[in-house]
Amino acid sequence: MWHRPARVCAAAVLAVLLSACAAPPAFTGADDRIQVITTTGILADLVRNVGGDRVLADALIPDNADPHAYEPSLRDVRNTVYADLAFSNYLLLEPQAVIKALDANLRDGVPNISLAEGATKYAAEIIPLVEDTSLDTIWLGLRARGTGAARGVTRLSEVRLTATAVDGPGTLTAYLTQSFGQPDVTFDANGGTAILPPDAHTHMSWAFSEPGVYRLTLRAELAVTDDTAPVPLGEQTFTFAVGVDPHSVPGATVLGQGHADLTVDIDSGELYLYADPEGGGDHTQQRYDAGRTVIEVPAKALQEIPAGPGFRFLGRPGQQIHQLPQAVLGRHVHGEIDPHLWQDVGNAQAYTELIRDTLIGVDPAGAADYRANADRYLRELSALDTYLTDSIAAIPVANRHLVTTHDAFGYLAHAYGIPVAGFVTPNPAVEPSLADRRKLTGTLRNLKIKAVFLEPNLRARSSTLVEVAAEQGVAVCDIYGDAFDATVHTYVAMMRFNADSLRTCLS
């Protein structure tokens with residue numbers, strides 16, 4: 001029989017006891033409540049509002065952490081093993097390590113719900129993830145294209161791209177810059193392997209020590225599960241023209257601007273370039289034969305290696321190298337759909353309805369409680385939606401421009417009419433170029449931007465934006481995207497904070 005738990009925390013207890021109540025819950029085999037594991041604190045908060053006292057909820061990703069880069073702990077794994085129900089956002093919001101910890105450790109038969117996909121049945125609206133870095137050079141990443149459904153691919157599967165050969169007049173190094181500036185080399189003269197989930201892509205920096213023509217050969221394989229042998233997918237060589245005329249490679253199509261990825265197609269087993277048409281930026285990408293295409297790294301891509309031991313793998317500090325920037329910092333692996341649905345409160349309502357119906361399926365005896373809790377919370381969310389609409393509508397139209405460094409606010413912009421003017425912080429591995437600063441300065445001046453917005457847990461990514469804002473006398477204000485902190489720890493409080501911050505800073 002299900003028993004309602006005793007209330008442990010009261011308003012009058014001492015601060016030390018309050019702190020104890022705030023500690024992350026530990027799931028056990030003896031708790032009568034429905035134990036629900038979620039990936040993020042936002043989802044856990046939604047579950048608590050619907051589940052009430054019948055549910056114990058915990059998030060794998062703690063407050064203040066970057067949901068895109070978190071590595072699960074042993075406590076996370078233990079709670080997953082005891083969970084009766086699991087909710088993720090998915091659409092590649094969470095890092096693969098978190099999804100693997102969830103999917104591999106849930107007991108057989110435990111429901112495992114991807115809210116972003118499932119909520120579309122409850123009228124959630126999804127929008128494409130539009131990335132626009134306005135870079136002077138091509139924006140080059142890696143992509144695993146396709147679902148692999150015919151091969152039995154699941155969320156546990158992974159695509160591996162291994163560098164088998166690098167040929168050129170100098171060294172080629174492909175690396176990621178982490179959320180707080182630490183580099184992580186993926187490919188270099190010693191080889192290296194990149195790992196991607198199916199139907200995802202990521203961004204990288206590409207550095208070349210000398211001008212000339214380089215050729216990088218990549219071999220791809222698919223690991224359907226950790227217990228099965230990888231399936232070979234193919235091998236391909238990609239060509240770069242670094243600081244030289246790209247047309248010196250006979251008969252090649254030149255890609256020099258826009259967004260492009262070195263791509264493995266897990267459905268067909270082919271490797272090719274997937275890019276904006278002729279290097280343009282219209283967000284309608286197409287396939288290019290790698291054997292007939294050259295990637296341009298122009299002379300203007302020259303950068304100086306920064307001082308400090310963290311970038312010695314590139315050469316001596318002050319030495320010039322050609323570099324294509326990563327543009328979006330951290331392990332930013334994602335798909336084609338923007339996964340931050342909750343920034344539109346209407347989508348959070350769809351999440352709430354899906355959570356309600358899932359809890360009823362797991363615990364039918366609690367159906368009346370779940371329906372009553374959900375109805376109350378849906379009314380609260382309707383009031384929140386109105387609050388956001390009214391708050392942003394109160395901002396003068398000429399001031400309604402959102403400038404931030406993280407692409408988490410497309411739904412907020414779409415639902416409430418505040419366009420993302422947008423600037424993505426350049427790679428901190430090098431000093432921002434004069435062109436980078438000019439673009440940002442021009443955006444702030446031309447649109448008469450009154451404030452820029454940074455997520456509190458990601459301020460370390462945003463030094464250029466903060467510096468240029470200070471130079472232009474523009475305020476720097478907080479906005480919450482993926483994670484709570486000590487100030488904001490519920491979804492309603494987060495969205496109200498965002499509405500108030502936008503209205504105050506932009507009016």
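FYI, the numbering just counts along the sequence from 1.
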Between R376 and N49, does a side-chain contact (heavy atoms from CB on, under 4.5 Å) hold up when you go through it step by step?
CA-CA 9 Å; R376 172 198 54 77; N49 275 280; 3.7 Å; yes
Scanning both residues in full, the closest heavy-atom pair of Y214 with G168 reads CD2-CA, 3.8 Å
Side chains of I305 and R316: closer than 4.5 Å at any heavy-atom pair?
no
Is there a side-chain contact between M494 and F484 in this structure, where contact means two heavy atoms from C-beta onward sitting under 4.5 Å apart?
yes
Output field: ring centroids F87/Y351 closer than 6.0 Å:
no
D188 vs V166 side-chain heavy atoms within contact, under 4.5 Å:
no
My understanding is that only residues two or more places apart in sequence, or in another chain, count here; which of them pass side chain to side chain contact (heavy atoms under 4.5 Å, CB included) with A97?
E71, P72
Quick one: sort the H203 and H201 rings into parallel, tilted or perpendicular, breaks at 30° and 60°.
perpendicular
Applying side-chain contact (heavy atoms from CB on, under 4.5 Å) to I355 and L115, what does each step give before you reach the verdict?
CA-CA 8 Å; I355 290 168; L115 283 167; 3.9 Å; yes
Heavy-atom closest contact (L324 atom, E296 atom, distance):
CD2-O, 4.3 Å
When you measure from the side chain of S209 to the backbone of T171, do you find a donor-acceptor pair of N or O atoms at a distance under 3.5 Å?
yes
Could you walk me through whether F313 and Y175 pass the ring pair (Phe, Tyr, Trp, His ring centres under 6.0 Å) test, one step at a time?
CA-CA 10 Å; F313 65 92; Y175 66 99; 5.2 Å; yes
Here the gap from L142 atom CG to T186 atom OG1, rounded to the nearest 0.5 Å, amounts to 7.5 Å
Donor-acceptor pairs under 3.5 Å, side chain of residues 116-126 to any protein atom, not counting sequence neighbours: which ones?
| residue | atom | partner | partner atom | Å |
| --- | --- | --- | --- | --- |
| T120 | OG1 | E117 | O | 2.7 |
| Y122 | OH | D357 | OD2 | 2.8 |
| E125 | OE2 | H414 | NE2 | 3.1 |

Minimum heavy-atom distance between A393 and R400, given as atom pair plus value:
O-NH2, 3.1 Å
Got a donor-acceptor contact below 3.5 angstrom from the W342 side chain to the D482 backbone?
no
Between H247 and D245, is any side-chain donor less than 3.5 angstrom from a side-chain acceptor?
no
Rounded to the nearest 0.5 Å, what separates atom CG in L302 from atom CD1 in I321?
9.0 Å
Any sub-3.5 Å donor-acceptor pair from Q343's side-chain atoms to G410's backbone N or O?
no
Once side-chain hydrogen bond (donor to acceptor under 3.5 Å, both in side chains) is applied, do any residues pair with S114, and if so which ones, sequence neighbours excluded?
R155
Would you mind telling me which of L140, V213, V294, V249 makes a side-chain contact (heavy atoms from CB on, under 4.5 Å) with F240?
L140
Quick one, L273 and I295 - any side-chain contact, counting heavy atoms below 4.5 Å?
yes
Would the distance check show the side chain of T263 and the main-chain N or O of D261 forming a donor-acceptor pair, the cut-off being under 3.5 Å?
yes
In short, A163 meets L216 closest at the heavy-atom pair CB-CD1, 3.9 Å
Is the shortest side-chain heavy-atom distance between P197 and I99 below 4.5 Å?
no
Sequence-distant partners of K100, salt bridge (Lys or Arg N to Asp or Glu O under 4.0 Å), two or more places apart:
E158, D226
Non-neighbouring partners of R145 that pass salt bridge (Lys or Arg N to Asp or Glu O under 4.0 Å), sequence neighbours left out
none
One pair to check against side-chain contact (heavy atoms from CB on, under 4.5 Å): L60 and T38. What are the steps and the verdict?
CA-CA 6 Å; L60 292 172; T38 70; over 6 Å; no
Filter on ring-ring contact (aromatic ring centres under 6.0 Å, His included), then keep only pairs touching residues 487-507, sequence neighbours left out; what's left?
Y480-F497
Pi-cation contact, Y274 with R143 (under 6.0 Å, within 45°):
no
Starting from the C-alpha separation in whole Å, work towards a yes-or-no answer on side-chain contact (heavy atoms from CB on, under 4.5 Å) for V297 and F208.
CA-CA 9 Å; V297 185; F208 305 84; 3.8 Å; yes
Does some side-chain heavy atom of L502 sit less than 4.5 Å from a side-chain heavy atom of L388?
no
If I take atom CG from residue D76 and atom CG from residue L102, how far apart are they, to the nearest 0.5 angstrom?
10.5 Å
Please enumerate all residues that pass side-chain hydrogen bond (donor to acceptor under 3.5 Å, both in side chains) together with D385, with sequence neighbours excluded.
Y416
Side-chain donor-acceptor contact under 3.5 Å, S205 with Q323
no
Working to the nearest 0.5 Å, report the span between OG1 of T173 and CE of M204.
10.0 Å
With sequence neighbours left out, the residues meeting side-chain hydrogen bond (donor to acceptor under 3.5 Å, both in side chains) with T40 are none
Check: I127 main-chain N/O paired with D338 side-chain donor or acceptor under 3.5 Å
no
E210: salt bridge (Lys or Arg N to Asp or Glu O under 4.0 Å) partners, not counting sequence neighbours:
none
Interatomic distance, I392 atom CD1 to N399 atom CG [nearest 0.5 angstrom]
13.0 Å
Excluding sequence neighbours, so at least two apart, what forms side-chain hydrogen bond (donor to acceptor under 3.5 Å, both in side chains) with D500?
Y387
Between Q349 (side chain) and L378 (backbone), is there a donor-acceptor pair under 3.5 Å?
yes
Set of residues satisfying side chain to side chain contact (heavy atoms under 4.5 Å, CB included) with respect to A383, sequence neighbours excluded:
none
I need the minimum non-hydrogen distance between P325 and T137, along with the two atoms involved.
CD-OG1, 3.5 Å
Heavy-atom pair with the smallest gap, counting every atom of V47 and A57
CG1-CB, 4.0 Å
State, without any angle test, whether N498 and S501 hold a side-chain donor-acceptor pair at a distance under 3.5 Å.
no
Salt bridge (charged side-chain N to carboxylate O under 4.0 Å, His left out): which pairs involve residues 341-354, sequence neighbours left out?
E353-R356
Using side-chain heavy atoms (C-beta onward) and a distance below 4.5 Å, is L172 in contact with V242?
no
What distance do L93 atom CG and L43 atom CG have between them, rounded to the nearest 0.5 Å?
8.0 Å
Heavy-atom side-chain contact between T293 and Y272 under 4.5 Å:
no
